[in-house]
Structures are given as C-alpha cells and as structure tokens.
Amino acid sequence: MGTMTKTSKIQNIRNIGIIAHIDAGKTTVTERILYYTGRSHKMGEVHDGEAVMDWMPDEQERGITITSAVTTCPWKGRDIHIIDTPGHVDFTIEVERSLRVLDGAVGVFCAVGGVEPQSETVWRQADKYHVPKLAFINKMDRIGADFFNAVEMIKTRLKAKPLMLQLPLGAEDGFSGVIDLIQMKAIIWDDDTLGASFRYEDLPGTEATNAAQYREKLIETVAEVDDQLMEAYLSESPIDAEMLTGAIRKATIDLKLVPVLCGSALKNKGIQPLLDAVVAYLPSPADLPPIAGIHPETGEPVACPPADNKPLAALIFKVAMIEGRKHTFVRVYSGRLETSKEVYNPFRKKKEKLSRILQMHANKRERLDTAGAGSIVGVVGLKESSTGETICSADHPVLLENIEVYEPVISIAVEPKTHSDQDRLQDVLSKFADEDPTLRVQQDADTGQMILSGMGELHLEVIISRMRREFNTEVNVGKPQVVYRESIERTAEGAAVFDKEVAGQRHFGEVRLLLRPLSRGTGTRFISKVDETILPAVFVQAVEKGVLESLESGTVMGYPVVDVEAVLIGANYKEAQGSELAYKVSAAMACKEALAGGNGFLLDPIMKVEVLAPEEFMGEVIGDLNARSGKIEAIEPKVGVQSIRAVVPLARMFGYSTAMRSATQGRGTFSMHFSHFDRA
C-alpha cells in the first residue's frame with residue numbers, strides 16, 4: 001500500500017463523499033466498501049452498533065453519523081478517499097465542510113422510501129458546490145422496494161437527470177443481482193462468501209429483450225448531451241462499452257447526468273460495481289478546474305493547480321480530538337505537505353510545524369512522510385490552526401476561502417455535578433470548542449455558570465452525552481436561554497460623586513455623563529468633552545473603563561447594552577484626592593443612573609431563516625413564520641422547491657424544526673443563522 005501511494009498519480013485519486021438521508025443505509029454501504037477493498041476483515045453492522053466508521057459511542061447509540069471520518073481504500077490500482085458525512089440538520093457545518101473538499105459524491109437512496117427530505121437538502125448542498133454525483137438505490141431486498149419509483153423521484157424531487165446503468169434482477173425477497181446495461185450481462189453474487197465473489201452471466205431471453213430496450217434509452221439519453229455519441233447513434237454505427245463509458249464520464253463530471261446503480265448493501269449485493277462506477281465516472285482532482293484562492297494582502301485571485309510541484313495550498317476542513325491529541329484533517333489542493341516542514345497560516349499570520357501526517361482509516365491510521373496534491377490526510381502538530389483555515393507556503397500566501405462564522409443560536413447552562421467534575425469541565429469544554437467551530441463556551445460573569453451555545457437542541461444534547469461518555473464528566477443542565485442585548489430609547493443624563501476614605505487615603509471623583517441611543521448595529525462608544533485642564537487624561541481613561549464595564553449589564557434584565565454613545569460632559573477634580581478608583585466607580589454609578597432614565601428595552605437576537613419547501617406547502621410555511629412574528633424577505637424558486645427567506649426573533653424559533661416538518665410532511669428543511677439584534 002505504501003509504495004502504491006508514492007507512484008499513484010493524481011488521476012488515480014477519487015475523493016468522494018457518501019451522502020444520504022438518515023437510515024438510507026449510508027453507513028452500511030461504507031462498511032461494505034471497506035470490507036470488499038480489504039480495509040476491514042469483519043463486517044460491522046450499524047444495527048449491532050459496531051460499524052467501523054461510526055466509532056463514537058454516541059454514533060453507535062443513535063445509529064447516526066455525527067463526525068465526518070476519512071478513510072482511504074484501494075480499488076483496482078486507485079485510491080478512493082471516502083469522507084463520511086452526517087445526515088442530520090444540526091450538523092450542517094460538517095456536511096458543508098465535507099462537500100467543500102470533495103470531488104464527487106454517491107447519493108444513497110432507499111428503494112422503499114425513495115428521495116427523503118434530508119437527502120434533498122444534502123443533494124442541494126452538493127449542487128451548490130457543483131459536485132458530480134452517482135446515485136445508488138439501496139435496500140432492493142426490502143418489502144415494497146421499487147427501483148423505478150426511486151429513479152422517478154430523483155427526476156421529480158431532485159430535478160436531476162438520472163441515467164440507469166443497471167436494472168435489478170427481481171425485487172424484495174426475490175432480489176438476486178443486477179443487470180449491467182453497458183456490458184449487457186447479469187451480475188450474480190455468492191451468498192457463501194458474503195458477496196465477496198460474484199459472476200457475470202448471459203441474460204435469459206425475456207430479460208435480454210427488456211434490457212435491450214433500456215440500453216437503447218440509455219444511449220439516447222447520453223447522446224442528447226454528447227455530440228460524438230449522437231453522431232454514432234444517428235449513423236447507426238455500433239456503440240461499444242468503452243465509447244459509452246467515456247461519454248457518461250464526461251456528462252457526469254459536467255453535471256449533466258447522474259448515473260444510477262442499485263443493490264442491497266445489507267445483503268452484500270451491488271457494492272463492487274458501485275466502486276467500479278466511482279472510478280469510471282467520478283472525477284479525479286485533475287479533472288476539475290483548479291480551485292481559486294485569493295491573496296491575503298492584495299485580494300487578487302490566485303490559482304492553485306492540482307500538481308505536486310506547485311506551491312502548497314491546503315484547506316483544513318475538520319479538527320478532532322482523538323485520544324486527547326488534536327488531529328487536523330486537511331485537503332491538499334496543490335503542492336505537497338511534508339513532515340517537520342514549516343507551513344504558514346495566512347488567516348492567523350502564523351507559521352506552524354507539522355509533526356506527522358497520517359493516512360486515516362476511520363479510527364486507525366498509518367504514518368506518511370509526505371502527501372501530494374489531491375490527497376486528504378490527517379495532520380498532527382498544528383497548534384493554532386482551525387477549521388476552514390488555509391495552510392500554505394509562506395512565500396506564496398493564499399486564502400482558499402473566507403470562513404463563514406456561524407453564530408450559535410441556542411444556549412444551555414451547565415454545572416459540574418461533583419468536585420472532581422469541576423476540575424475537568426473547563427478542560428473538556430475547551431477540547432470540544434477546538435474541534436467544533438459552531439460551539440461556544442463562556443462563563444456568565446453574574447451567575448458564574450458555564451454557558452454552552454450551539455446550532456440546535458440535538459447539537460447540544462450530543463455534546464453533553466459525549467462529555468459523559470468520552471471524558472467521564474457529569475453535569476447538570478439548565479434550561480436553554482436566549483441571549484438578549486439591551487439598549488435605550490432616549491437620551492438621558494446621570495451624575496455621581498464618590499468620596500470615601502479607603503485604607504487611610506481619601507478618594508474623590510465626580511462625573512457627569514450623557515447616554516444617547518445610536519442606530520442598530522453601531523455598537524458602543526465613549527467620547528470625552530471635558531478639557532484635560534479640568535480632568536487629567538489618566539482619569540478620563542478610568543471613566544471610560546468604568547462606563548464600559550457598567551454597560552456590560554443593563555438595567556432591564558442585566559444583558560449587555562449596545563448601540564449607545566456615552567459622553568463625559570462634566571467632572572470635578574480635587575488635587576491629591578483624585579484617584580483612578582474613584583473616577584471608575586463614580587462613572588459606573590453615573591452610567592447606571594443614565595441607563596435607568598433612558599427607558600431601556602430588550603433587543604432580541606433576530607435570525608436569518610431560509611426554508612426550502614415544495615411549492616404545495618408554501619401557504620403553511622409562510623403562515624407559521626408570520627405567526628412567529630417573522631418578516632418574509634424573499635421567495636424564490638430553486639430546483640424543485642421554493643426558497644423562503646425570512647427574519648424571525650430567535651425566542652419564537654424554539655421547536656421550529658418539529659413544526660416545520662409537520663407542516664411540510666417532512667419534506668421541508670431550513671437553515672438558520674444569526675443576523676442581528678433588534679426589537680422584536
């Protein structure tokens with residue numbers, strides 16, 4: 001394997017993700033791929049809770065994949081890197097990140113359920129990043145399996161152009177194999193070898209006639225998007241498998257067609273042809289236009305061609321704590337990564353050193369000295385770099401993407417159960433915050449509570465559960481709270497005198513302040529209109545400190561005050577008695593008085609919400625958003641669905657996912673992120 005990697009050219013790499021709805025059998029498909037490519041010697045089953053990829057206890061218990069894991073498996077002289085993507089909406093950042101670094105994707109669909117809502121979402125995310133796709137219709141052995149219905153749903157719901165490369169032989173209990181329309185052969189799997197061996201057979205008469213019609217349709221569909229094939233088709237010259245395969249590959253990479261295969265991963269049928277299709281139809285890093293970054297100083301575009309001899313450009317798409325060490329997952333776009341060589345992070349303007357490069361296999365790994373363009377590897381030794389950041393060479397700096405910061409939308413209070421949990425809590429939380437950019441951890445100054453903020457209720461639930469499991473830390477959890485801000489309606493004045501003897505010394509300070517409201521989103525600022533001859537500059541700084549500290553908690557409910565300007569309009573100073581302490585305290589008192597007179601009010605966090613729902617549910621969705629005091633900003637048609645963009649106060653969005661799913665019969669999906677603070 002080691003020697004293979006060194007000689008393997010970039011053409012032999014396939015970086016793919018397996019994307020699907022929860023329960024479409026995505027992880028089972030991955031398990032089988034690992035087994036048939038010789039990566040694991042035993043088949044793990046999700047329902048037994050022992051899948052190789054889902055090695056976190058939480059993943060096994062919930063039967064869902066939470067973290068993206070990277071695995072490399074060899075297939076017929078090619079290296080296939082599989083990134084396992086989560087299927088749940090709370091982990092969208094994981095899916096987004098993974099799709100960003102993939103070159104192709106396999107959509108797994110259930111032959112009974114067809115295209116389910118979450119697979120619609122992920123498919124659209126893949127469209128957004130222009131990722132070429134194959135479709136695998138799984139669970140052909142299940143009662144109610146209907147291959148043609150699933151293909152029809154790919155057409156109607158995903159608005160994709162499916163191209164059937166296979167037909168199932170039988171269905172439900174009678175599913176025995178597949179018909180390959182390109183070779184015009186039947187493929188039958190042996191049950192004794194767990195599907196590891198299979199044979200090609202000639203098609204019996206009736207099957208052959210039926211398959212011939214479908215092959216004709218297949219050629220017609222490809223000919224519509226390929227001129228060369230169209231010529232051959234019209235002139236009725238024979239079309240061989242090689243010519244057909246080349247045309248399908250081109251059309252798949254150009255996003256014109258989606259090849260469709262079928263099988264039953266659980267019954268070990270259909271996986272090897274799927275791997276062949278990945279190699280045959282999905283792009284290598286060299287088949288795609290080079291990714292463009294920008295120069296961090298000039299903002300000029302910088303091309304990063306997929307070649308080992310070019311300057312290094314790599315993107316960090318995930319950080320994970322594995323056995324207490326920080327592992328950074330990296331996609332190398334151009335150049336080479338080498339151990340113990342320095343790399344540069346233009347976002348943090350810091351140089352870092354890699355201590356080792358690892359070829360990842362779910363939770364096992366092997367060490368490499370170097371990783372070339374197109375590879376996806378784990379790296380140990382990057383201390384500061386984090387998700388979404390670029391590492392490159394210092395003399396050719398490039399930023400591969402600007403990181404969208406997701407503002408957390410829901411918070412819970414956690415407190416340690418016992419004294420020993422107390423010591424561990426801080427450490428454990430900082431580890432989680434390192435690996436997940438959507439999780440925030442802070443301590444509430446007033447209550448001393450630890451506040452965790454995240455992307456949704458499930459997101460936080462999983463974090464709490466992982467604390468218990470992986471780090472043996474028990475916590476009590478308080479009700480989720482919305483994080484508000486405060487502001488004032490009208491200009492108000494405040495004045496205060498501090499005149500006390502502290503530790504045998506007189507402290508005197510007298511301050512007059514004016515607080516005036518600013519427009520939304522301006523923040524807070526301090527101005528002094530008092531001449532330095534009246535109040536020395538050092539005390540003006542003390543006043544500013546006192547004011548800003550006082551604005552940390554308002555008079556309505558103790559939330560930070562924003563969008564106000566504090567103006568120092570008067571001060572009294574006594575020689576030898578003035579002290580920084582006195583001015584800081586009197587400024588804070590004057591500020592509190594002005595806040596009380598300014599008619600304070602709460603500012604709600606307002607969320608930008610985008611709902612994607614099929615046309616027929618528009619009425620219900622809009623009605624529900626209006627009932628939550630939402631403002632609809634835009635409605636635009638997207639592929640197969642309508643996109644509704646609205647702004648809604650976060651306090652009204654609790655339980656929204658459940659309400660929206662029932663309003664759209666489970667077919668709608670939504671994304672929500674923080675927009676601004678405003679009066680609801």
Side-chain angles (χ1 to χ4, degrees), residues 442-449 451 481-606 676-680:
Q442 68 213 58
Q443 195 148 17
D444 185 314
D446 297 340
T447 61
Q449 274 181 318
I451 305 290
Q481 278 183 319
V482 177
V483 189
Y484 294 95
R485 293 284 181 273
E486 297 183 15
S487 193
I488 54 172
E489 268 181 339
R490 54 166 190 245
T491 305
E493 265 189 51
V497 181
F498 182 87
D499 190 0
K500 274 205 173 86
E501 196 167 297
V502 180
Q505 196 190 343
R506 197 103 196 130
H507 289 267
F508 175 83
E510 185 178 344
V511 170
R512 260 190 34 252
L513 286 176
L514 187 74
L515 280 190
R516 59 164 76 107
L518 298 173
S519 59
R520 280 303 137 259
T522 321
T524 47
R525 54 178 186 236
F526 172 81
I527 299 172
S528 167
K529 292 205 168 158
V530 173
D531 198 86
E532 283 194 14
T533 53
I534 299 171
L535 187 65
V538 57
F539 297 133
V540 174
Q541 281 167 6
V543 170
E544 179 173 0
K545 217 179 202 168
V547 167
L548 294 180
E549 276 180 24
S550 174
L551 292 176
E552 294 274 293
S553 67
T555 49
V556 188
M557 283 174 73
Y559 289 103
V561 180
V562 293
D563 303 338
V564 295
E565 179 177 71
V567 188
L568 177 61
I569 49 174
N572 202 346
Y573 173 64
K574 288 186 180 170
E575 195 72 46
Q577 289 185 8
S579 76
E580 286 183 46
L581 170 80
Y583 283 102
K584 193 175 151 188
V585 176
S586 57
M589 284 157 39
C591 186
K592 279 281 179 269
E593 184 184 316
L595 279 176
N599 237 5
F601 60 87
L602 279 186
L603 288 171
D604 279 78
I606 306 290
H676 61 284
F677 282 99
D678 206 345
R679 289 187 92 155

Does the side chain of [Y] come within less than 4.5 Å of [X]'s, by heavy atoms?
X: V540; Y: V530; answer: no
X: P605; Y: Y484; answer: yes
X: F677; Y: D604; answer: no
X: E593; Y: S550; answer: no
X: V543; Y: F526; answer: yes
X: S487; Y: R520; answer: yes
X: L513; Y: V567; answer: no
X: E486; Y: F601; answer: no

Practice item. Flag the pair K545 and E580 as a salt bridge only when some basic side-chain nitrogen lies within less than 4.0 angstrom of an acidic carboxylate oxygen. Key: no

Check your understanding: If you count the non-hydrogen atoms of other residues, nucleotides and ligands that lie under 6.0 Å from CD in E549, is the total more than 12?
Key -> yes

Check your understanding: Between S553 and K592, does a side-chain contact (heavy atoms from CB on, under 4.5 Å) hold up when you go through it step by step?
Key -> CA-CA 9 Å; S553 67; K592 279 281 179 269; 3.9 Å; yes

Looking only at heavy atoms, which two atoms of [X] and [Y] are closest? And how far apart?
X: S586; Y: V511; result: OG-CG2, 3.4 Å
X: L551; Y: C591; result: CD2-SG, 3.7 Å
X: A492; Y: A594; result: CB-O, 3.3 Å
X: G509; Y: A582; result: N-CB, 3.6 Å
X: Y559; Y: L602; result: CD1-CD2, 4.0 Å

Practice item. List the steps and the verdict of side-chain contact (heavy atoms from CB on, under 4.5 Å) for L595 and L515. Key: CA-CA 7 Å; L595 279 176; L515 280 190; 3.7 Å; yes

Spatial distance of atom [atom1] ([X]) from atom [atom2] ([Y]) [nearest 0.5 Å]:
X: L603; Y: R485; atom1: CG; atom2: CZ; result: 9.0 Å
X: E501; Y: Q577; atom1: CD; atom2: CD; result: 9.5 Å
X: R525; Y: L518; atom1: CZ; atom2: CG; result: 4.5 Å
X: E510; Y: Y583; atom1: CD; atom2: OH; result: 8.0 Å
X: L581; Y: F539; atom1: CG; atom2: CZ; result: 10.5 Å
X: K529; Y: I569; atom1: NZ; atom2: CD1; result: 9.0 Å

Check your understanding: So, the side chain of D563 versus the backbone of T522: is there a donor-acceptor pair under 3.5 Å, distance only?
Key -> yes

Review point. Taking the side chain from R490 and the backbone from G597, do they hold a donor-acceptor pair closer than 3.5 Å?
Key: yes

**Study point:** I488/R516 under side-chain contact (heavy atoms from CB on, under 4.5 Å): CA gap, chis, key distance, verdict
**Key:** CA-CA 8 Å; I488 54 172; R516 59 164 76 107; 5.9 Å; no

Exercise for review: Any chance you could lay out the side-chain contact (heavy atoms from CB on, under 4.5 Å) test for H507 and V585, step after step, and finish with the verdict?
Suggested key: CA-CA 10 Å; H507 289 267; V585 176; over 6 Å; no

